[in-house]
Each structure stands twice: as structure tokens, then as C-alpha cells.
Amino acid sequence: EVLIEARGLTRRYGPTVAVETLDLTLRKGEILGLLGPNGAGKSTTMKMLTGNLAPSDGETRIKGVSLREEPKAAKRHLGYLPEQPPVYPELTVDEYLRYCAGLHGVAKADRDAAVDSAKRDCGLGDVGHRLVGNLSKGYQQRVGIAQAIIHRPPVVILDEPTVGLDPIQIREIRKLIKDLGANHSVILSSHILPEIQAVCSRVMIIARGRVVYNESIDATRGSG
Ligand code: ADP
Ligand code: ADP
């Protein structure tokens, strides 16, 4: 089953071509890694895939729904953690996630259960009453992933989720993302090859806005 089908995605910023005629397909069960150096076009691609940035050219369908023609319906199938997510340091984890559940259209009666379930999936069971601003960077990233799955979307898109974390936090977040793969299809960006190898089932290498490599990763290498 194809969940995301993007064709010819192109984005220009003035004379800069950030992403050029990029094709991307995400199938159910995949953890797809976008690998490339800073400035390669990963964030721009993810913003277009999530409907947060209009492409200069090209088309994206999420579960067959056009992101341009029916953005609300298409976005319902997606969860997204931007590289620089908005922070709400003065909210508790529970308050923040309940707020995000509302934004994502989770019915009021279902929000507490959605919050509990997302916290369980992200290892946040004990910190619901803590202020987001008082958590470590690693736990703040868990909260960021929790908001991305709060409405149980089939597709979760995570932009550089381990940047700025220490090695132990990195290991924990990678494991969390691998575990997410059991219930979600995932797109993850990184500039670190071992990270992609440890977590992903397929890698697309992006250089100067173009796909230069697109292959599956041998599952036996994904255990580190
Ligand atoms: P990556 O996520 O791989 O680091 P980006 O998608 O952030 O790459 O950037 C791709 C290219 O587009 C870079 O050359 C970057 O400088 C440029 N770019 C990104 N966002 C903007 C913007 N808002 N205005 C102008 N140029 C931008
Ligand atoms: P702006 O910031 O200029 O208002 P938006 O990012 O809100 O632009 O998007 C403008 C339009 O482009 C919206 O109708 C949106 O749904 C559509 N759009 C955004 N991203 C994509 C995409 N990846 N594929 C197709 N249409 C898109």
C-alpha cells in the first residue's frame, strides 16, 4: 500500500533551487531515511510533504488524497516533528499533549486516552505532570514525537530528531523510532549514515536537492 506519492517536487527560493524534481514513494511498513549533508534539501522536502510549504512545482498525494486539493483531509494521515518545533515550556507534558490532540482533531472525550497512549509509546509515562521546559532535551524530543503520533496517523515524519542530543539520548530516541515502525510508516531525516543504517528499512540520499541514491537497507544491519 502506497501512503505517500510525491512527483516532481521542486522548491525555489529566489535563484536557489532547494529541491529539484524530487520523486518519493512511502509504502506501508517502511522506515525511510532521508540522508544528506546540511543544506541538501531534507527539511524543505519534509515541509512540502507535510503541507507546511507550497512547492514551486510538483504534486503530493497522501493515501491518494491530493495535498493541494484537500490539504485538511491529506494532513489528517500525517504526524510531523519539525526540526525546530514550537516549544511550550510553561505547559505540563499532559497539558501540551492534550492541546496537540485538540489541534489534530481528536474528540474531547478521547483526548485523555490519546495522551496516555502516546506517552506510553514514547516512554513518558512518569513525566505527565512535569513542565515541558524543565525536561532534558532527550525527553523534549520524546514529547515532540508523542505530539506527532497523538492522533494515530499512519505516517510519521521526523526532521533530524536526534540533533543536539547526547549519545545515550540518541540511542534511546533511535530505539523509540524503530519501535514506532511497528505501528506507523516513518520518514526520518539525518546527516548521519550510521543513524539511518540503525533505524531505517530504506535510504534516499539527497544531494543539492536531488535524489542520488534510493535503496533498501539489509534488515540484518538494522539491529545496532
Ligand atoms: P537540509 O534540511 O538538508 O539541511 P534545507 O531544506 O534546510 O536543507 O535547505 C536546502 C537549501 O535551501 C539550502 O541551500 C538552504 O539554504 C535553502 N533554504 C532553505 N530554506 C530557505 C528559506 N526560507 N529561504 C531561502 N533559502 C532557503
Ligand atoms: P503559503 O505559506 O504561501 O500560504 P502554504 O504552505 O500554506 O503556502 O501552501 C499553499 C498551498 O499549497 C496550500 O493549498 C497547500 O495545501 C498547498 N501545498 C503545500 N504543500 C504542498 C505539497 N507538498 N504538494 C501539493 N500542494 C501543497
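These values consider heavy atoms only, across backbone and side chains, with no hydrogens, waters or symmetry-generated copies. Heads up: numbering here begins at 1 and tracks the sequence. We count ligands from 1, going down the list as the structure has it; atoms in each ligand are counted the same way.
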Colleague: Checking a contact table here: which protein heavy atom is nearest atom 24 (N) of ligand 1, and how many Å away?
Modeller: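 Result: Tyr13 CD2, 3.4 Å.
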Colleague: Quick check on contacts: which atoms of ligand 1 are under 4.0 angstrom from a heavy atom of Ala40?
Modeller: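 In order of numbering, the contacting atoms are 1 (P), 3 (O), 8 (O).
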Colleague: Consider only side-chain N and O atoms of Glu5 and Thr25, and report whether a donor and an acceptor are under 3.5 Å apart.
Modeller: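 Their side chains do contain a donor-acceptor pair, which is all the 3.5 Å distance test asks for.
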Colleague: Is any NZ, NE, NH1 or NH2 atom of the basic residue among Glu172 and Arg142 found under 4.0 Å from an Asp or Glu carboxylate oxygen of the other?
Modeller: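 Salt bridge flag = yes for Arg142 with Glu172.
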Colleague: Run the salt-bridge test on Arg7 and Glu59 with the 4.0 Å N-O cut-off and return the result as yes or no.
Modeller: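 Answer for the salt bridge query: no.
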Colleague: Return a yes/no value for Ala18: is any of its N or O atoms, backbone included, closer than 3.5 angstrom to an N or O of ligand 1?
Modeller: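 No - when backbone and side-chain N and O of Ala18 are compared with those of ligand 1, no distance drops under 3.5 Å.
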Colleague: I'd like to check which ligand 1 atoms, numbered from 1 as shown, lie under 4.0 Å from a non-hydrogen atom of Asn38.
Modeller: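 Contacts of ligand 1 toward Asn38, numbered from 1: 4 (O).
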Colleague: Answer with yes or no whether the side chains of Arg68 and Thr60 bring together a donor and an acceptor at under 3.5 Å.
Modeller: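 The answer is no; no qualifying pair exists.
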Colleague: Hey, is Pro37 one of the residues with a heavy atom under 4.0 angstrom from ligand 1?
Modeller: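 Distance cut 4.0 Å: Pro37 passes for ligand 1.
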Colleague: Report yes or no: do Thr50 and Asn52 form a side-chain donor-acceptor pair below 3.5 Å?
Modeller: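 Indeed, the side chains of Thr50 and Asn52 share at least one donor-acceptor pair under 3.5 Å.
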Colleague: Among all protein heavy atoms, pick out the one at the shortest distance from atom 8 (O) of ligand 1; state its residue, atom name and that distance to 0.1 Å.
Modeller: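 The closest one turns out to be Gly41 N, 3.0 Å.
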Colleague: Quick one: do Asp116 and Arg120 make a salt bridge, cutoff under 4.0 Å?
Modeller: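 No.
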Colleague: More than 12 foreign heavy atoms under 6.0 Å from NZ of Lys137: is that the case here?
Modeller: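 Above 12, so yes.
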Colleague: Is atom 16 (O) of ligand 1 less than 4.0 angstrom from some protein heavy atom?
Modeller: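 Not a single protein heavy atom is under 4.0 Å away.
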Colleague: Between Glu195 and Thr162, does any side-chain donor sit less than 3.5 Å from a side-chain acceptor?
Modeller: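 Their side chains do contain a donor-acceptor pair, which is all the 3.5 Å distance test asks for.
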Colleague: Is the shortest distance from atom 22 (C) of ligand 1 to a protein heavy atom below 4.0 Å?
Modeller: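 Within 4.0 Å of atom 22 (C) of ligand 1, protein heavy atoms are found.
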Colleague: Can you tell me if Gly39 has a non-hydrogen atom under 4.0 Å from ligand 1?
Modeller: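 Per 4.0 Å heavy-atom rule, Gly39 contacts ligand 1.
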Colleague: What protein heavy atom sits nearest atom 7 (O) of ligand 1, and how far away is it?
Modeller: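 So the nearest neighbour among protein heavy atoms is Ser43 CB, 3.7 Å.
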Colleague: Looking only at protein heavy atoms, which one is nearest to atom 9 (O) of ligand 1, and how far off is it?
Modeller: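 Here the nearest protein heavy atom works out to Thr44 OG1, 3.9 Å.
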